[in-house]
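A quick write-up on the structure given underneath.
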Amino acid sequence: MSPIPCIANPTTLAVTPPTTLVVALALVMAVATMLLARYVRFLPMVTAYILAGILIGPHALGMIPSEQVVRDLTPLRDIALAVVLFTIGTQFEISVFRHLRPWLLRLGAWDTLGVAAVVGLSMWGMTGSVETAILTAIIALEIAPAATFLVLRETASSGTMTRLILNAVVVNNIFVIALFSLTWPVLRIAYHGGAWTMLLHGPAVIVGSIALGTIIGLAITVAEQKYHSDAERLLLLLGGILLTVGLSQLLDFQPFLIASLTAGIVVGNASAKAEQVRQLIERIDTPFYVIFFVLAGASLHLDYLLESTTALLAGGYILTRVVGRLAGCYLGARGRSLEPRIVRWLPASLLSHSAIAIALVGLLYQTFPGENSAFQQLQTVVLAAVAVYELAAPVLLKIALTVSGEVSVAHGTMRGQGIADIGAWKQVLHRLGESLGVRARSVPIDLAQANMEQIIVRDVHAIGVDQGYNKVLGFVGHSKFDCVPVVDAEGYYLGYISYYQIRNFAYDPSFSSLIIAGDMMSTGAEMVLGQDQPDDVADRFNRSNTSYLPVIRPAERDPTRRALVGLIEQQTLLRYILAHSAAEQARKKDESPQSPPPADAAPGQGP
């Protein structure tokens, strides 16, 4: 096995970097690769995080030796995965699942049949081992929950296909873990002997994990009602998640995935403040996602793909899993009166393969030391396949969501915006110099010489007209402006929502699912660039209750529609008007002819 050339070989490092430095490198590299994801349209953040891990991993720069990732950071990865699964569980609405159940059952049945048959038969033909073929077929069924959910949340997608994907991933992971827990003891006894009491271990783990997750979820829900501070509720949620992981490990309910997922499902469906809980978790879970995927990227064994036998098995595994999933999902989605776009793109959305597959095959490797050679080969094949799936599958999912029309327009308006350009750096240094008492050498823009376009704020995000009330609250709450533009599915301007409108909006929690951004927006008081004079815009501010107003213009492709340019601030506009008024008065004074001296005045004397 010949490793990929790297700049630094981890075996030659004199000092092993401390864990805190490894985590810092993971976060810093993830932030750096986020720039790439901002400018590459279909590159999801999760793929950028994995690329960051590969760069600092043992097969590139060698900043993180693989041994240290496994030894020191495994608990951190477990916590990150538990937070991710708990978050996914809170998004799983049982009422929605009941509505989608006929589709999900048919989809799951065909998907299981397609993947298990194609992968199992191919692996049996390549390895000659029925045991390996069955276990590989079960593991191949897994759809990565973390990568899938992160892409769904990043794109803020909504629609029938998004709900199908989310529910299918949750049901899939519970089914795969349960099927694996029931199967491997049977295979162990059938092929290698052992006590038949081993058959009780699988059901006991499943029932115990569900019971543990349910109890902790109910306890969190009851206790959460007694706290009103966000800080206290965050501590409660994190404590409950860590308690789930710790008790699962103590009670040997391994892996702990079902318990964490169940706890999230209970909280998401039993709590009267489920949406607030989801928003609280979203405030803190991004670092866990980053750490999980960067470390996953650092752990990927890309060198396995260069070894002939492993490359052949991994290639067969990757190809047959894709064929089986595409065929099974297509047949399952085709017969339930779904829209053609869903039938076309749903199969490509369910190819992600990651954490749980690695956890299951790793559990086999640890549980049966007598068969380490066979399970090590299986683990190597799965790890090599994951290296490919983790890079490609999120991209396919994002493309599918975008082409099918379920990606939020607000996400589309944020693409291509860098973290900072030269102007931003100048502003930062200018503010720092002012704080230190250093006089800045550069001067602000001369409003008297500026035009209207130069005083417009262009770094503005918009929200889709079909976004729900809670989405609007979250969007407005994170905006630095008191005016949020509303756009349609194609990105054209429709109106705006202000703090004043939300504050005075008659809101009943029982009707929250019926309220969308279009119900709250105002379509008046907008400014059209190039047509309105500054004084007219000032009058529009006097009729509004915001300090910002949208700036729009006719769209280039369709002049009958309106394109969003940015926002204009009332204070800046008033300063602009005053500066131009003063400049105009000065100009008139300079251009006015001086009065001639009186006729009786002496030469050289004034009047």
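Start at 1 with the first residue, then count along the sequence.
Not a single donor-acceptor pair under 3.5 Å links the side chain of His353 to the backbone N or O of Ala144.
Annotation for Ala263 and Thr244: closest pair CB-OG1, 4.4 Å, computed over non-hydrogen atoms. Here the shortest heavy-atom pairing between Val169 and Pro145 reads CG1-CA, 3.6 Å. For Ala52 against Met29, the heavy-atom pair with the smallest separation is CB-CG, 3.3 Å. Pairing each heavy atom of Thr87 with each of Thr90, the nearest pair is O-OG1, 2.5 Å. The two residues Val151 and Pro394 make their nearest non-hydrogen contact at CG2-CB, 4.0 Å. Considering all non-hydrogen atoms of both residues, Ile216 and Gly240 come closest at CG2-O, 3.7 Å.
Two residues are said to be in side-chain contact when any heavy atoms from C-beta on lie closer than 4.5 Å; Leu27 and Val290 meet this criterion. At least one side-chain heavy atom of Tyr49 sits less than 4.5 Å from a side-chain heavy atom of Leu150. Residues Leu152 and Leu401 are in side-chain contact: their nearest non-hydrogen atoms beyond the backbone lie under 4.5 Å apart. With a 4.5 Å cut-off on side-chain heavy atoms, Phe92 and Leu166 do not count as touching. In this structure, the side chains of Val170 and Ile265 come closer than 4.5 Å at one or more pairs of heavy atoms. Inter-residue side-chain proximity for Ile342 and Leu164 is flagged as met; some heavy-atom pair is nearer than 4.5 Å. Contact annotation: the side chain of Ile206 approaches that of Leu182 to within less than 4.5 Å [non-hydrogen atoms, C-beta and beyond]. For the pair Glu224 and Leu237, the minimum side-chain heavy-atom distance is 4.5 Å or more.
Of the inter-residue distances, the one linking Leu397 atom CG with Leu350 atom CG reads 8.0 Å to the nearest 0.5 angstrom. Within the model, atoms OG1 of Thr262 and CG of Leu212 stand 9.0 Å from one another, a figure rounded to the nearest 0.5 Å. Taking OH from Tyr389 and CZ from Arg321, the interatomic distance works out to 4.5 Å, rounded to the nearest 0.5 Å. Atom CZ of residue Arg101 and atom CD1 of residue Ile94 lie 11.5 Å apart, to the nearest 0.5 angstrom. Atom CZ of Arg325 is separated from atom CG of Asp111 by 4.0 Å, given to the nearest 0.5 angstrom. Considering OH of Tyr317 and CD1 of Ile139, their distance stands at 6.5 Å, rounded to 0.5 Å.
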>> Before you tell me yes or no, could you show the steps for Asn167 and Trp103 under side chain to side chain contact (heavy atoms under 4.5 Å, CB included), namely the whole-Å CA-CA distance, both residues' side-chain angles and the distance that decides it to 0.1 Å?
In response: CA-CA 11 Å; Asn167 284 268; Trp103 289 334; over 6 Å; no

>> The test is side chain to side chain contact (heavy atoms under 4.5 Å, CB included); show your working for Trp124 and Thr136 and say whether it passes.
In response: CA-CA 9 Å; Trp124 183 29; Thr136 306; over 6 Å; no

>> With side chain to side chain contact (heavy atoms under 4.5 Å, CB included) as the criterion, how do Leu107 and Cys329 come out once you've worked through the C-alpha distance, each side chain's angles and the decisive distance to 0.1 Å?
In response: CA-CA 6 Å; Leu107 178 67; Cys329 290; 4.0 Å; yes

>> Show, in sequence, the C-alpha distance, side-chain angles and deciding distance for Leu113 and Leu331, and conclude whether the side chain to side chain contact (heavy atoms under 4.5 Å, CB included) test is met.
In response: CA-CA 11 Å; Leu113 180 62; Leu331 293 174; over 6 Å; no

